[in-house]
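Accompanying notes for the structure given below.
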Amino acid sequence: MHVVLAGSGRRRLQRRLEQTIALCHHDRRLTATAEVEVSFALLEDLVSVGPFAARFVDLRHPGALSDWLGQPATEQEAAPR
């Protein structure tokens, strides 16, 4: 499942994304169940670089970006914005 955050300023959405991931990590079923895959992205990022770019943060690997298919980001895509 992909969750796209929108409707507020970038800093607020980024904080909301980080808080959501932290809350999800308290429920081990979300990270331990292989059938449940959750990733997050900011709509602003998807609009600026395209919907197929690696801008999704996977719940299981919050330090790495991936595309909507779960493929890891290239070095260029992983560079901080």
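Quick note: numbers below take in every heavy atom, side chains included, and nothing from hydrogens, waters or symmetry partners.
Here ring pair (Phe, Tyr, Trp, His ring centres under 6.0 Å) pairs that include residues 1-40, with residues two or more places apart or in two chains, are His2-Phe56.
Taking CG of Leu13 as the reference point, atom OG of Ser8 lies at 5.0 Å (rounded to 0.5 Å). To the nearest 0.5 angstrom, Ser39 atom OG is 11.5 Å from His61 atom NE2.
Judged as a side chain to side chain contact (heavy atoms under 4.5 Å, CB included), and not counting sequence neighbours, the contacts of Gln14 are Leu17, Glu18, Leu42.
A chain of hydrophobic side-chain contacts below 4.5 Å, direct or via other Ile, Leu, Val, Met, Phe, Trp or Tyr residues, connects Phe52 to Leu69.
A salt bridge is absent between Asp67 and Arg55: the closest approach of a Lys/Arg side-chain nitrogen to an acidic carboxylate oxygen does not fall below 4.0 angstrom.
Residues Leu43 and Leu5 have side chains not in contact (no heavy-atom distance under 4.5 Å, counting atoms from C-beta outward).
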side-chain contact (heavy atoms from CB on, under 4.5 Å) between Glu37 and Met1, intermediate numbers included:
CA-CA 6 Å; Glu37 293 183 24; Met1 169 176 45; over 6 Å; no
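When all heavy atoms of Val57 and Pro62 are compared, the pair lying nearest together is CG1-O, 3.4 Å.
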